[in-house]
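Since the structure comes first, as structure tokens, the remarks are kept for the end.
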Amino acid sequence: MGEWTMKPKRYVPDLRQLGALCEGNFQRLRRLRQLRVDNQPVCEIELYRENEYLGRVRIQVLQTARYTETLLLEQVHNSGRWLNNPLMTVRVYHDAAMAEVISCYRDTQIAPVNDYPNRFMHHPDEKVQVNGFLADWLEYCLRFGHLPLEYAAWSADESAD
């Protein structure tokens, strides 16, 4: 039986796909971080679809270096109990115009290739999938994101005049 058994093919990452995801994530993050109030970057974005509140996303700078930046992106509130609040650490490479997820939830490091099966049940292409999720999440934030009410240009008293 041993000589006729086929070994499963080892997963080979598609670097072009991962690179395209990271470049797209850099552009999406750049557009999200352009929101400013009084020339200060807004670190929280509220998500609304028409009049329905969907949640709140926080972007926090953890570390800054000459060509890189490390950000913590987390959804601090959501409107449904069915959704786990995403929590990701993202490394932004300004010189390469790329942003990649370096940790997600409790996973402190995401391997580019995982043997399958493994004890944590990570997919062989876990890094591509997590960066794909970040792309979808940032696109969602760009589509439904608004400034929180505390950044409103006028207060309730002024609008009554």
Side-chain angles (χ1 to χ4, degrees), residues 10-50 52-80 83-116 118 120-154:
R10 182 161 169 83
Y11 169 74
V12 178
D14 183 351
L15 295 180
R16 283 185 287 179
Q17 179 188 15
L18 182 60
L21 277 171
C22 292
E23 287 173 1
N25 287 341
F26 178 85
Q27 295 303 326
R28 289 177 196 93
L29 268 171
R30 186 182 58 76
R31 286 183 16 221
L32 263 181
R33 295 181 72 200
Q34 285 177 343
L35 292 175
R36 295 188 176 274
V37 174
D38 296 331
N39 213 17
Q40 296 296 319
V42 174
C43 61
E44 291 194 358
I45 301 156
E46 287 189 343
L47 305 173
Y48 283 94
R49 182 178 4 174
E50 296 172 7
E52 180 186 0
Y53 175 74
L54 301 172
R56 186 173 238 188
V57 174
R58 178 181 300 142
I59 301 173
Q60 179 182 354
V61 178
L62 297 178
Q63 185 180 35
T64 304
R66 185 172 182 174
Y67 299 110
T68 62
E69 197 173 32
T70 306
L71 306 175
L72 178 68
L73 278 73
E74 65 178 319
Q75 185 149 348
V76 291
H77 187 263
N78 67 58
S79 63
L83 179 68
N84 289 338
N85 287 341
L87 173 68
M88 296 182 170
T89 308
V90 177
R91 174 97 11 96
V92 179
Y93 302 96
H94 295 287
D95 55 342
M98 298 178 105
E100 75 167 324
V101 178
I102 57 172
S103 73
C104 184
Y105 295 104
R106 283 179 234 110
D107 297 330
T108 56
Q109 198 171 22
I110 302 168
V113 177
N114 291 300
D115 291 327
Y116 193 79
N118 55 63
F120 298 112
M121 294 308 293
H122 289 247
H123 292 276
D125 63 341
E126 188 84 11
K127 189 166 200 86
V128 171
Q129 288 193 26
V130 169
N131 279 286
F133 175 76
L134 176 63
D136 292 342
W137 188 29
L138 292 175
E139 217 30 74
Y140 187 81
C141 290
L142 285 167
R143 184 170 180 195
F144 298 111
H146 299 278
L147 289 175
L149 287 177
E150 56 262 25
Y151 295 115
W154 62 86

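Treat the numbers as computed from the prediction; the structure is a model and nothing was measured.
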Legend entry - Point-to-point distance, once rounded to the nearest 0.5 Å, from CG of L138 to CZ of R31: 9.5 Å

Inset, instruction - List the atom of N131, the atom of A99, and the distance in Å for their closest heavy-atom pair. - result: OD1-O, 4.1 Å

Inset, instruction - Might you work through the side-chain contact (heavy atoms from CB on, under 4.5 Å) test for L73 and W137, ending with a clear yes or no? - result: CA-CA 10 Å; L73 278 73; W137 188 29; 3.8 Å; yes

Legend entry - CG-CG distance between L87 and L72, expressed to the nearest 0.5 angstrom: 5.5 Å

Legend entry - pair V57-L32: side-chain heavy atoms closer than 4.5 Å: no

Inset, instruction - Could you please spell out the steps behind the side-chain contact (heavy atoms from CB on, under 4.5 Å) verdict for D14 and V128? - result: CA-CA 9 Å; D14 183 351; V128 171; over 6 Å; no

Inset, instruction - Name the orientation class of the two ring planes belonging to Y53 and Y48 (parallel below 30°, tilted from 30 to 60°, perpendicular beyond 60°). - result: perpendicular

Inset, instruction - For residues Y93 and F26, report the shortest heavy-atom separation together with the two atoms involved. - result: O-CE1, 4.0 Å

Inset, instruction - Determine whether N85 and V76 make a side-chain contact, defined as any pair of heavy atoms from C-beta on separated by less than 4.5 Å. - result: no

Legend entry - Minimum heavy-atom distance between Q75 and G55, given as atom pair plus value: NE2-CA, 4.1 Å

Legend entry - Gap separating the CZ atom of R16 from the CD atom of E23, nearest 0.5 angstrom: 12.5 Å

Inset, instruction - Compare every heavy atom of R33 with every heavy atom of V61, then report the nearest pair and how far apart it is. - result: CG2-NH2, 3.6 Å

Inset, instruction - Look up atom CG in L142 and atom CD1 in I45, then write down how far apart they are to the nearest 0.5 Å. - result: 8.0 Å

Inset, instruction - Compare every heavy atom of M88 with every heavy atom of V101, then report the nearest pair and how far apart it is. - result: CG2-SD, 4.0 Å

Legend entry - Rounded distance [0.5 Å steps], CG in L15 versus SG in C22: 10.0 Å

Inset, instruction - Under the side-chain contact (heavy atoms from CB on, under 4.5 Å) rule, what do V90 and N25 come out as? Steps first, then yes or no, please. - result: CA-CA 10 Å; V90 177; N25 287 341; over 6 Å; no

Inset, instruction - Could you grab the distance from atom CD of E100 to atom CZ of R91, nearest 0.5 Å is fine? - result: 8.0 Å

Legend entry - Carboxylate-amine/guanidinium proximity below 4.0 Å for R58 and E44: yes

Inset, instruction - List the atom of L47, the atom of C141, and the distance in Å for their closest heavy-atom pair. - result: CD2-CA, 3.8 Å

Legend entry - Donor on one side chain, acceptor on other, R30 and Q27, under 3.5 Å: yes

